[in-house]
Amino acid sequence: MQQAVGGSEAVVTTLGPSPMLRCEGLRKRYGDRLAVDGVTFSIAEGECYGLLGPNGAGKTTTISMLCGLAVPDEGDITVDGFEGGTLEAKAAVGYVPQDLALYPDLSAVENLTFFGQLYRLSGKELQTRIGETLELVGLADRGKDRIGTYSGGMKRRANMAAGLLHRPKLLVLDEPTVGVDPQSRNAILETVGKLGIAVLYTTHYMEEAFKLCDRIGIIDDGHLIAEGTADALIGDHGGRDKVHLSCDGADLDELAAACRELENIHDVHEVDGNLELSTDHGPAVLSAVVAVATRHGVDLTGVEVRSPNLEDVFLSLTGKELRD
């Protein structure tokens, strides 16, 4: 069921005297399993913070504590200055779960009317907010249609509208674009980008995190193992550029040995009958690599430079694909 709930995280990077969400030293144990172990971070007003981690890393447990749905065994949470789990903290948070929290036999307006009444909204104010949120998520023209007639992407946008209805100061979005069509996915991303409030965003799509999030925290085995801007994380943990040389049918031993002698080439190895070179700046070495291939009589059928990205960071830090 859609609800206004709250939680909070503590400061790793100083964001000012009063972050919108602050959590510090969160721990939560289920039996013998320590699901969350010492997680600390904060989210400033207006900041979009991405929380990334493989399945089972502790994301869901962390979100549950921040939203007041689970009580930490240890640690402190504040939301908008209020202690996590209190009514004031919960009222400051809009939670949009991964599972749809809507009644399919009711229209979007009827769903939002129901949720608005749970927030003690009524009358003209409630109707105004319903109109605002439906407009914001791009469903103003479908508000009277039953949720059951919506596409998957439209349902997720309506789900987001329910989380925004009470004008929260922190919006928690748990994988809001899973299984939606590209058009709805873009609409959701555009909506998030213009909210102007603090957002905690979890996703399995690295390009979303790169596009939306001001900072990113990576969690694995219950620990927050890295935090920073996407560019900083890539710079610190992404590794080097890769230059992939397609050279079908060629004898690669001589070419590989010659490439190893080039300046700024750190590693050369064979991948599926082709060569892959590691370097600090791929474009800068291309002319020298092509010249070496020509001298050794190797006909290159393709040259590709790949710079590190968030996926490389994730693999480097966790050793897992994001959906492992």
side-chain contact (heavy atoms from CB on, under 4.5 Å) assessment of L136 paired with L195: CA-CA 9 Å; L136 181 63; L195 288 176; 3.6 Å; yes
For T191, side-chain hydrogen bond (donor to acceptor under 3.5 Å, both in side chains) partners two or more places apart: none
Connected via hydrophobic side-chain network under 4.5 Å: L34 and L26: no
Test side-chain hydrogen bond (donor to acceptor under 3.5 Å, both in side chains) applied to R306 - qualifying residues, sequence neighbours left out: D312
Same apolar cluster: V180 and M206, side chain cutoff 4.5 Å: no
Side-chain touch Y150/D145, heavy atoms, less than 4.5 angstrom: yes
Residue list, side-chain contact (heavy atoms from CB on, under 4.5 Å) with N186, at least two apart or on another chain: none
Value rounded to 0.5 Å, distance of OG in S42 from CD in E227: 7.0 Å
Pair Y103 and F114, ring centroids less than 6.0 Å apart: yes
Test applied, salt bridge (charged side-chain N to carboxylate O under 4.0 Å, His left out); reference residue, D37; option that passes from R27, K28, R29: R27
L224 side chain reached by L51 side chain, heavy atoms, under 4.5 Å: yes
Partner of Y95 by side-chain contact (heavy atoms from CB on, under 4.5 Å), out of L173, D174, L170, L171: D174
K169 vs I197 side-chain heavy atoms within contact, under 4.5 Å: no
Side chain to side chain donor-acceptor pair (under 3.5 Å) between T40 and E24, intermediate numbers included: CA-CA 4 Å; T40 295; E24 185 168 8; 5.5 Å; no
Least distance between heavy atoms, S246 atom then N274 atom: CA-OD1, 3.2 Å
L200 CG to C213 SG distance, which is reported to the nearest 0.5 Å: 9.0 Å
Non-hydrogen atoms of A226 and L233 that approach each other most closely: CB-CD2, 3.9 Å
T128 side chain vs K124 backbone, donor-acceptor pair below 3.5 Å: yes
Joint cluster assignment, L121 & L118, ILVMFWY side-chain distance < 4.5 Å: yes
CD/E207: more than 12 non-hydrogen atoms of other groups inside 6.0 Å: yes
same_hphob_cluster(V243, L300) at 4.5 Å side-chain heavy-atom cutoff: yes
Closest approach of K59 to I219 (non-hydrogen atoms, all atoms of both residues): CG-CG2, 3.5 Å
Over 12 foreign heavy atoms within 6.0 Å of CD, E135: no
Between CG on residue L52 and OG1 on residue T202, distance to nearest 0.5 Å: 8.5 Å
Shortest non-hydrogen separation from F82 to A89 and the atoms involved: CB-N, 3.9 Å
For I234 against P308, the heavy-atom pair lying closest together: CG2-O, 3.6 Å
Backbone N/O of R146 and side chain of T149: donor-acceptor pair under 3.5 Å: yes
Modelled atom types, side-chain donor and acceptor of Q117 and S122, under 3.5 Å: no
Hydrophobic cluster identity match, I147 and V96, side-chain contacts under 4.5 Å: yes
Worked check of side-chain contact (heavy atoms from CB on, under 4.5 Å) between V313 and L317: CA-CA 6 Å; V313 171; L317 290 171; 3.7 Å; yes
Rounded distance (nearest 0.5 Å) linking atom NE2 of H296 with atom CG of D253: 11.0 Å
For E110, side-chain hydrogen bond (donor to acceptor under 3.5 Å, both in side chains) partners two or more places apart: S107
Pairwise distance CZ(R129) to OH(Y119) - rounded to 0.5 angstrom: 10.5 Å
Stepwise side-chain contact (heavy atoms from CB on, under 4.5 Å) check, E208 with L189: CA-CA 8 Å; E208 289 184 4; L189 297 181; 3.9 Å; yes
Flag if over 12 foreign heavy atoms under 6.0 Å of CD, Q183: no
E45 atom CD, over 12 foreign heavy atoms within 6.0 Å: no
Please list every donor-acceptor pair under 3.5 Å in which a side-chain atom of residues 275-292 meets a protein atom from a residue at least two apart or in another chain.
from : atom 1 : to   : atom 2 : distance (Å)
E276 : OE1    : H269 : NE2    : 3.4
S278 : OG     : K242 : NZ     : 2.9
T279 : OG1    : N264 : O      : 2.8
T279 : OG1    : H281 : N      : 3.4
D280 : OD1    : R240 : NE     : 3.1
D280 : OD2    : H266 : NE2    : 2.9

V36 side chain near M65 side chain, heavy-atom distance below 4.5 Å: yes
Y201 and V172, any side-chain heavy atoms less than 4.5 Å apart: no
R156 side, atom CZ; T177 side, atom OG1 - distance, nearest 0.5 Å: 8.0 Å
D214 side chain vs Y49 backbone, donor-acceptor pair below 3.5 Å: no
Partner of L165 under side-chain contact (heavy atoms from CB on, under 4.5 Å), chosen from N111, T133, L134: T133
Evaluation steps, salt bridge (Lys or Arg N to Asp or Glu O under 4.0 Å), between K194 and E190: CA-CA 7 Å; K194 62 187 178 185; E190 288 177 3; 5.7 Å; no
T301 side chain near L245 side chain, heavy-atom distance below 4.5 Å: no
Within-4.5 Å side-chain heavy-atom neighbours: S307 and D241: yes
Those residues that, when tested against T113, pass side-chain hydrogen bond (donor to acceptor under 3.5 Å, both in side chains) (two or more places apart): none
Contact summary for A161 and L112, nearest pair of heavy atoms: C-CD2, 3.9 Å
Side chains of L252 and E270 in contact at under 4.5 Å (non-hydrogen atoms): yes
Any donor-acceptor N or O pair under 3.5 Å, side chains E175, Y205: no
